[in-house]
Q: 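This is the structure I have questions about; it appears just below.
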Amino acid sequence: MSKGLPKRSEDYSLWYNELVKRADLAENSPVRGCMVIKPYGYSIWEKMQAELDRMFKETGHTNAYFPLFIPKSYLSKEASHVEGFAKECAVVTHYRLKNSDDGRGVIVDPEAKLEEELIVRPTSETVIWSTYKNWIQSYRDLPLLVNQWANVVRWEMRTRLFLRTAEFLWQEGHTAHASKEEAIEETVQMMNVYATFAENFMALPVVRGIKSANERFAGAEDTYCIEALMQDGKALQAGTSHFLGQNFAKAFDVKFATKEGGLEYVWGTSWGASTRLMGALIMAHSDDNGLVLPPKLAPIQVVIVPIYKGDEELERISVKAKEIMASLRAKGISVQFDNRDTHKPGWKFAEYELKGVPLRIAMGPRDLENNTVEIARRDTLTKESVNLSEISIDKYVSDLLEEIQRNIFQKAFEFRENMTTEADTWQEFEDLLENKGGFVSAHWDGTTETEERIKELTKATIRCIPIDRKEESGSCILTGKPSTGRVLFARAY
RNA sequence: CGGGGUGUAGCGUAGCCCGGUAUCGCGCCACAUUUGGGAUGUGGAGGUCGUAGGUUCGAAUCCUGCCACCCCGACCA
């Protein structure tokens, strides 16, 4: 383990890449564009999964699993859907290998060509809707509220750990409804679930909004999203929820008998959040010393580091440490007592800071004597000595963890507020994007042409049309044409 | 996929222009002294120099193909 992380101010993306590796979150794999998620990183993902899964169940969804492979013909049944994904699909063409003639390895057996090629799912709408056709006959079968946890593959050119990998893990919810209103309600509900999760668990403030036509999911009528801002001023889409209209129902002929005896196409939604959330989590809070994790997602919330000379002293400290550990655990706090003799305390301090453990409790002979412990916060990097006879440690720690959770959110929130700026002239707009970054709130004439032109000129895209934006007449930042409200622009991941 | 760069021990590197089998630091192993912010000393292990060819008496070094990674463009959760 070498010392020192690159500085964010000097090279943000180098800092990110190094942090992901050094903090043991993930590493590159032998397969291009794919990553190995290491145990520590995966623990964080598991915590995210657990909470999201709970929220999905709470809103009436159940989990199921659909196949990894999609027949090629399925993908092309919904026109804009294929168009959106065709360029990044992995295709299975054969089902067998054989020994090569020179005996030096195996080759694809040309005899074993698949009659219909299979696509490795880039998303599952098509298989799922082809299945829903059989599941749905009547209004009594609706709504159908299904989620799946899965991996998907999108053959990306440029990849980055967690932010954009060829294979990634995610969940995709797919629901079917009897009415348009209900489907839209579902879409909005799931966007809100994501927003609540991001804010309450990831301590990540997000903007809820609707995507412009340009940024919309391939095959959707409307895409709702949550957008977050990273410390380098770039935006990151943290979750999306799509109102699919009747597009997939029509493509896969999914109709239901209405109460009134009619036959109608069902209304669909789909929504997803991926391991990209890990990237958002890392980039939103961490600093030059390493990861900063919100307590609610930290695999280890508290680490106890003993400081001692000799076995006898370690023994005495251990007794006390184990007492504390037991009382914290009783309160549902995850604690680790690091009594390894192979590393010195200073080394451990640096290590746990790198890994973002929210609280560190250090105990040495002096503490033993005074009945104190030293408590260090990861978020503020401050330390204090507390007297165990004056406080109850479990309450003290759990309050502090809550305080850290709040503080991390607050810091990110203030950052975003400071980094969201209104622009009313083109010059201001360009200047903000170039020199300040963050969200730029500006008027837009609503056309795709203008959006694309702005993207060409500034590399900024419309992140979303905020749900809660106020009606305000103005004129488009580029064309000067009339507009009824501001949208958020930013350069994005 | 286009333009640029890099690839040498687990990690980071020197050597490459000017061919002669590889430098240094971290890490690793052993022992000793250490332990309140990444300890110190001594000894030791570890490399077909990304890969496949070519040139040469001889290639980390020169040439060609391929692969991977990084930066910049086009695409995306």
Side-chain angles (χ1 to χ4, degrees), chain A residues 1-6 11-14 16-18 21-22 27-35 83-89 104 122-123 151-172 194 211 214-218 223 225-228 235-242 270-280 289-290 305-311 313-314 317 339-354 360-370 372-374 376 381 383 385 452 455-456 459 461 492-493:
Chain A
M1 183 75 57
S2 54
K3 295 179 196 177
L5 212 53
D11 190 338
Y12 193 82
S13 60
L14 183 66
Y16 174 83
N17 292 337
E18 282 296 302
K21 287 177 202 159
R22 297 247 200 114
E27 60 191 33
N28 285 304
S29 75
V31 184
R32 178 194 166 83
C34 296
M35 64 178 163
E83 204 187 310
F85 288 105
K87 283 164 287 180
E88 48 188 27
C89 286
R104 295 210 299 177
T123 179
N151 58 339
V152 288
V153 168
R154 296 182 189 175
W155 213 260
E156 298 290 346
M157 298 304 177
R158 285 185 62 193
T159 59
R160 292 191 69 191
L161 293 171
F162 290 120
L163 295 174
R164 191 190 299 124
T165 46
E167 178 195 18
F168 57 90
L169 306 184
W170 77 347
Q171 59 62 220
E172 44 180 325
Y194 288 142
K211 287 289 186 190
N214 225 13
E215 300 279 323
R216 194 181 287 152
F217 174 75
T223 287
C225 64
I226 56 170
E227 288 284 328
L236 185 140
Q237 178 175 304
T240 49
S241 183
H242 316 289
S270 69
W271 28 275
S274 71
T275 37
R276 181 178 241 203
L277 288 176
M278 292 285 294
N289 294 306
V305 177
I307 295 154
Y308 60 94
K309 285 183 190 173
D311 289 347
E313 201 163 86
L314 173 61
I317 292 168
N339 60 357
R340 288 177 298 174
D341 195 32
T342 49
H343 298 282
K344 299 192 19 158
W347 189 93
K348 292 177 184 174
F349 292 174
E351 175 75 1
Y352 290 112
E353 264 160 31
L354 181 62
R360 180 185 73 230
I361 299 179
M363 289 179 70
R366 282 209 300 274
D367 293 303
L368 223 47
E369 211 172 290
N370 306 325
T372 57
V373 290
E374 181 191 83
L381 292 168
K383 296 191 277 203
S385 186
E452 279 179 345
K455 188 177 175 184
E456 274 168 41
K459 294 178 198 148
T461 49
Y493 277 99

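The chains referred to below are lettered A, B, ... by the order of the sequence lines, with proteins before strands, and numbering in each begins at 1. Note: hydrogens, waters and symmetry copies are ignored here, and every other heavy atom, side chains too, is used.
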Q: Now, which nucleotide makes the Watson-Crick or G-U wobble pair with B:C18, with each of the two distances under 3.5 Å?
A: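 Paired with no nucleotide.
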Q: Scan A:Ser29 against the nucleic acid and name what it touches under 4.0 Å (heavy atoms): base, sugar-phosphate only, or nothing.
A: nothing
Q: For nucleotides B:U13 and B:U55, find the distance between their P atoms and express it as a whole number of Å.
A: 33 Å
Q: Quick one: look up who B:U33 pairs with, Watson-Crick or G-U, both distances under 3.5 Å, and put none if it's unpaired.
A: B:A39
Q: From the options B:C70, B:A77, B:G38, select the nucleotide whose nearest atom is closest to the side chain of A:Ala350.
A: B:G38
Q: Checking all strands, does A:Arg160 fall into the base, sugar-phosphate, or nothing category for heavy-atom contacts under 4.0 angstrom?
A: nothing
Q: Measure from the side chain of A:Asn28, starting at C-beta and using heavy atoms only, and say which of B:C69, B:G38, B:A77 lies closest.
A: B:C69
Q: RNA chain B: A:Gly33 or A:Lys459, which has the more 5' nearest nucleotide?
A: A:Gly33
Q: Figure out the CG/P separation between A:Asn289 and B:G37, and round it to whole Å.
A: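 Rounding to the nearest Å, CG of A:Asn289 and P of B:G37 are 15 Å apart.
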Q: Is the base of B:C76 touched by the side chain of A:Arg154 through a donor-acceptor pair closer than 3.5 angstrom?
A: no
Q: Just the rounded figure in Å: distance from P of B:C70 to OH of A:Tyr16.
A: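 In whole Å, B:C70 P lies 12 Å from A:Tyr16 OH.
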Q: Under 3.5 Å, side chain of A:Thr275 to main-chain N/O of A:Phe168, donor-acceptor pair present?
A: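 Not a single qualifying donor-acceptor pair exists.
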Q: Would you kindly give the CG-to-C1' distance between A:Leu368 and B:U35, to the nearest whole Å?
A: 16 Å
Q: Could you tell me the Watson-Crick or G-U partner of B:G27, where both distances fall under 3.5 Å? Say none if there is no partner.
A: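 For B:G27, the partner nucleotide comes out as none, under the 3.5 Å rule.
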Q: Determine the interatomic distance between C1' on B:C16 and the same-named atom on B:C76; round to the nearest Å.
A: 40 Å
Q: Is any side-chain heavy atom of A:Glu353 less than 4.5 Å from a side-chain heavy atom of A:Leu381?
A: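 The answer is yes; the side chains approach within 4.5 Å.
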Q: What is the distance, to the nearest angstrom, from the NZ atom on A:Lys344 to the P atom on B:A39?
A: 5 Å
Q: Base, sugar-phosphate alone, or nothing: which one does A:Gly364 contact when heavy atoms must sit under 4.0 Å apart?
A: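 Base, at least one base atom sits under 4.0 Å.
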Q: Whole angstrom is fine here: how far is it from CG in A:Asp311 over to P in B:U34?
A: 14 Å
Q: Taking atom C1' in both B:C17 and B:A30, compute the distance separating them and give it to the nearest angstrom.
A: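 43 Å, rounded to whole Å.
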Q: Taking for each residue the nucleotide of RNA chain B with the nearest heavy atom, is it A:Glu156 or A:Lys21 whose nucleotide lies nearer the 5' end?
A: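 So the residue in question is A:Lys21.
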Q: Any base atoms under 4.0 Å from A:Lys455, or only sugar-phosphate, or nothing? Heavy atoms, all strands.
A: sugar-phosphate
Q: Is there a side-chain contact between A:Cys225 and A:Glu215 (heavy atoms, below 4.5 Å)?
A: no
Q: Answer yes or no on whether A:Arg360 is positioned over the face of A:Phe349, meaning its NZ or CZ is under 6.0 Å from the six-membered ring centre and within 45° of the axis.
A: yes
Q: Determine the interatomic distance between P on B:C18 and the same-named atom on B:U51; round to the nearest Å.
A: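 Looking at atom P only, B:C18 and B:U51 are 25 Å apart.
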Q: Measure the shortest side-chain to side-chain distance between A:Tyr308 and A:Asp341 over non-hydrogen atoms and say whether it is less than 4.5 angstrom.
A: yes
Q: Test side-chain contact (heavy atoms from CB on, under 4.5 Å) on A:Leu161 and A:Met278; report intermediate values, then the result.
A: CA-CA 9 Å; A:Leu161 293 171; A:Met278 292 285 294; over 6 Å; no
Q: Tell me the interatomic distance from A:Asp11, atom CG, to B:C69, atom P, rounded to whole angstroms.
A: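 So the two atoms are 18 Å apart, to the nearest Å.
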Q: When you measure from the side chain of A:Asn17, which nucleotide among B:U35, B:C76, B:C70 comes out closest?
A: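 My answer, after comparing the listed nucleotides, is B:C70.
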Q: Are any of A:Lys383's side-chain N or O atoms less than 4.0 Å away from OP1 or OP2 of B:G36?
A: no
Q: I need the minimum non-hydrogen distance between A:Thr240 and A:Tyr194, along with the two atoms involved.
A: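 Between these two residues, the closest heavy atoms are O-CE1, 3.5 Å.
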Q: Counting only side-chain heavy atoms from C-beta out, which of B:G38, B:U34, B:A77 sits nearest to A:Glu351?
A: B:G38
Q: For B:A74 and B:C67, measure between their P atoms and round to the nearest Å.
A: 24 Å
Q: In whole Å, what is the span from the CG atom of A:Leu14 to the P atom of B:C69?
A: 16 Å
Q: Is there a side-chain polar atom (N or O) of A:Ser13 under 4.0 Å from OP1 or OP2 of B:C71?
A: yes
Q: Nearest to the A:Arg366 side chain among B:G36, B:G73, B:C71, which nucleotide is it?
A: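 For the A:Arg366 side chain, the nearest candidate turns out to be B:G36.
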Q: Could you tell me which nucleotide pairs with B:A74 by Watson-Crick or G-U wobble geometry, both distances under 3.5 Å, or answer none if nothing does?
A: none
Q: So if I take every side-chain heavy atom of A:Arg360 and compare against B:C75, B:G37, B:C71, which nucleotide ends up nearest?
A: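 Among the listed nucleotides, the one closest to the side chain of A:Arg360 is B:G37.
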Q: Is there a Watson-Crick or G-U wobble partner for B:G58 with both distances under 3.5 Å, and if so, which one is it?
A: none
Q: Say you pick atom C1' in B:A9 and the same atom in B:G4; how far apart are they, in whole Å?
A: 29 Å
Q: For B:U35, does either OP1 or OP2 sit under 4.0 Å from a side-chain N or O belonging to A:Lys309?
A: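 Affirmative; the distance criterion is met.
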Q: So what's B:C69 paired with, Watson-Crick or G-U wobble, going by both distances under 3.5 Å?
A: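 The base-pairing partner of B:C69, which may sit in any strand shown, is B:G5.
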Q: Any strand counts, and the cut-off is 3.5 Å on both contacts for Watson-Crick or G-U wobble. Which nucleotide pairs with B:U13?
A: none
Q: Taking pairing as Watson-Crick or G-U wobble with both contacts under 3.5 Å, can you name the mate of B:U64, or confirm there isn't one?
A: B:A52
Q: May I ask you to decide whether A:Lys309 forms a salt bridge with A:Glu313, counting only side-chain N to carboxylate O separations under 4.0 Å?
A: no
Q: Give a yes or no answer on whether the side chain of A:Asp367 reaches the backbone of A:Gly364 with a donor-acceptor pair at less than 3.5 Å.
A: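 Such a contact is found between A:Asp367 side chain and A:Gly364 backbone.
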Q: So which nucleotide from B:C75, B:G36, B:U35 ends up closest to the side chain of A:Glu88?
A: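 When the side chain of A:Glu88 is considered, B:C75 is the closest of B:C75, B:G36, B:U35.
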Q: With P as the reference atom in both, quote the distance from B:C24 to B:U35 in angstrom, rounded to an integer.
A: 31 Å
Q: Starting at NZ of A:Lys348 and ending at C1' of B:A39, how long is that distance when rounded to a whole Å?
A: 14 Å
Q: Pick the P atom in B:G25 and in B:A14, then give their distance to the nearest Å.
A: 15 Å
